[in-house]
Number of protein chains: 2
Amino acid sequence: MTAVAAKDTRNEDKHRAILRAAEELFMQNGYATTSMDAIADHAGVSKQTIYAHFQNKENLFVGMMEGMCCRYGYPMECMLGEAQAGKSPADTLSALGMQKLRLIALPDAMGLFRLVISESTRNPELGRIFYEQGPKFTNKLLSDLLDAYVKAGTLKISNTSAAAETFYAMLCQPLHLKLMIGVDVDTSEKALKQHLDEVVTRFIKAYS
Amino acid sequence: MTAVAAKDTRNEDKHRAILRAAEELFMQNGYATTSMDAIADHAGVSKQTIYAHFQNKENLFVGMMEGMCCRYGYPMECMLGEAQAGKSPADTLSALGMQKLRLIALPDAMGLFRLVISESTRNPELGRIFYEQGPKFTNKLLSDLLDAYVKAGTLKISNTSAAAETFYAMLCQPLHLKLMIGVDVDTSEKALKQHLDEVVTRFIKAYS
DNA sequence: CTGCGTTTGGACTCACCAGTCCATATATGT
DNA sequence: ACATATATGGACTGGTGAGTCCAAACGCAG
């Protein structure tokens with residue numbers, strides 16, 4: 001008798017294909033303008049299969065959004081080890097900062113943000129999930145680091161949580177806004193590095 | 001013979017009513033989910049009247065968005081005289097900053113932002129118009145002021161344009177994000193003032 | 001009062017879409 | 001091979017919505 005039985009993965013494969021198709025189409029066209037027929041076509045499944053997996057359109061949307069939000073903070077968390085290795089504040093901020101810049105410029109991240117902004121009024125839970133898995137999480141990572149620097153006497157910050165928010169705001173907001181609304185902005189590695197350096201310099205000056 | 005003839009204003013009145021109804025409903029429900037029938041009802045006109053004034057739904061939407069964008073920078077421009085009266089950087093930044101905080105928290109401003117974010121991929125002109133009448137304009141106002149302080153030797157800023165962006169990012173982004181996605185945030189006058197003071201302090205320290 | 005621009009209510013066409021139903025096919029596990 | 005879970009293609013229902021058409025009403029200006 002075999003210890004591990006073979007397993008029918010049709011369910012999972014189809015489920016994944018549906019979610020992936022939903023991601024692409026919802027992000028591309030928005031919630032209201034994306035039809036279940038289109039998602040079915042894109043996923044290579046029948047519409048009835050979607051309804052076998054998800055109760056309705058909204059249920060698919062929320063499931064998809066939760067999945068995407070869960071993936072949001074992951075890359076930043078992976079950076080944490082690297083950033084902790086006894087480095088100076090400037091080095092730490094630079095490493096985390098560059099990672100954050102790259103993250104917000106990802107098409108998926110931008111698509112997710114767009115959906116949250118446009119759909120969170122009619123489904124407020126989306127905003128909460130997005131915030132907790134995303135900004136709140138990444139801010140916490142940074143504020144913990146800042147706490148360590150404060151304890152070591154390197155920086156003077158009374159509210160590291162607000163300071164972390166401030167750092168990411170300085171770093172990301174101008175670029176993010178332009179990307180989101182399609183205004184020309186230089187996203188070359190050189191330009192990003194320059195901006196990052198300037199922000200790190202100013203931030204440290206402001207908090208030391 | 002009278003110098004000024006009476007004038008039929010039905011056109012203008014209806015036109016305005018249509019635009020106002022469009023604003024409210026598009027902001028409330030998004031573009032795709034708002035029907036022309038609903039706008040007609042809300043404006044108190046017949047649907048055919050809308051089509052007598054606007055070629056189609058998209059045309060109405062763009063006209064409405066342009067009208068709203070034109071109103072975006074106006075309050076900030078009005079602040080300009082006040083802010084210039086030989087004040088210190090801190091006082092100037094505080095005055096402009098508080099005005100900006102109030103502006104971004106206006107339901108109309110938030111609704112406009114939401115529409116720009118969600119609709120600018122399919123109509124890129126919206127992003128451009130919004131950016132130029134809004135952020136770019138208000139940033140220019142501030143960077144001109146910063147230029148004056150730099151010339152007077154009060155602040156040390158090599159790129160006032162970027163610095164203006166940074167100031168507004170520090171000031172507005174954390175609050176704005178939370179407002180936009182419906183996360184709890186303290187918007188009491190006291191909390192705003194406190195945040196503003198902190199940001200002004202840090203900004204000046206970073207650039208002097 | 002008359003001419004004409006503006007507006008109206010209602011009906012209409014055509015396309016789209018969420019969700020349902022159905023008979024059948026397919027694939028898996030025993 | 002058989003039982004059963006999963007998936008399919010296609011048709012369908014009922015509703016919605018952009019835009020059009022039409023005859024008539026309304027309101028303004030001269």
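To find a chain, count down the sequence lines: A is the first, B the second, and so on, and within it residues start at 1. Worth knowing before you read on, the calculation uses all heavy atoms, side chains too, and leaves out hydrogens, waters and symmetry mates.
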Regarding the side chain of B/V45, the nearest nucleotide among D/dT6, C/dT8, C/dT20 is C/dT8

Across all chains, not counting sequence neighbours, the salt bridge (Lys or Arg N to Asp or Glu O under 4.0 Å) partners of B/E23 are B/R20, B/R71

Check your understanding: Within less than 4.0 Å of OP1 or OP2 of D/dT8, is there a side-chain N or O belonging to A/S46?
Key -> yes

* Asked: Run the side-chain contact (heavy atoms from CB on, under 4.5 Å) check on A/Y131 and A/V116 step by step: do they pass?
  -> CA-CA 10 Å; A/Y131 184 68; A/V116 171; over 6 Å; no

So, with a heavy-atom separation below 4.0 Å from DNA chain D, the residues of residues 16-38 of chain B are B/T34, B/S35, B/M36

Atom NZ of B/K14 and atom C1' of D/dG27 are separated, to the nearest Å, by 11 Å

Report task. Examine the side chains of A/D186 and A/S188 and answer whether a donor and an acceptor come within less than 3.5 Å of each other. Result -> yes

Requested in this report: Without swapping roles, check the side chain of A/T34 against the backbone of A/N29 for a donor-acceptor pair under 3.5 Å.
Outcome: no

Tightest non-hydrogen contact, residues A/L146 and A/A163, listed as CD1-CB, 4.1 Å

note: A/Q48, atom CD; C/dA18, atom P; distance rounded to Å ~ 14 Å

Between CZ of B/R10 and C1' of D/dA29 the distance, given in whole Å, is 10 Å

Applied to residues 164-175 of chain A, the side-chain hydrogen bond (donor to acceptor under 3.5 Å, both in side chains) test, sequence neighbours excluded, yields A/E165-B/K178

ring-ring contact (aromatic ring centres under 6.0 Å, His included) pairs touching residues 175-200 of chain A, sequence neighbours excluded, are A/F113-A/H176

Numerically ordered, the residues 50-65 of chain B set in heavy-atom contact under 4.0 Å with DNA chain D is B/Y51, B/N56, B/K57

**Report entry** Below 4.0 Å: OP1/OP2 of C/dT28 and any side-chain N or O of A/N11
**Finding:** no

Rounded to whole Å, the NZ-P distance (B/K47 to D/dT16) equals 13 Å

Residues at least two apart in sequence or cross-chain that pass side-chain contact (heavy atoms from CB on, under 4.5 Å) with A/E189, listed by chain then number, are A/M98, A/R102

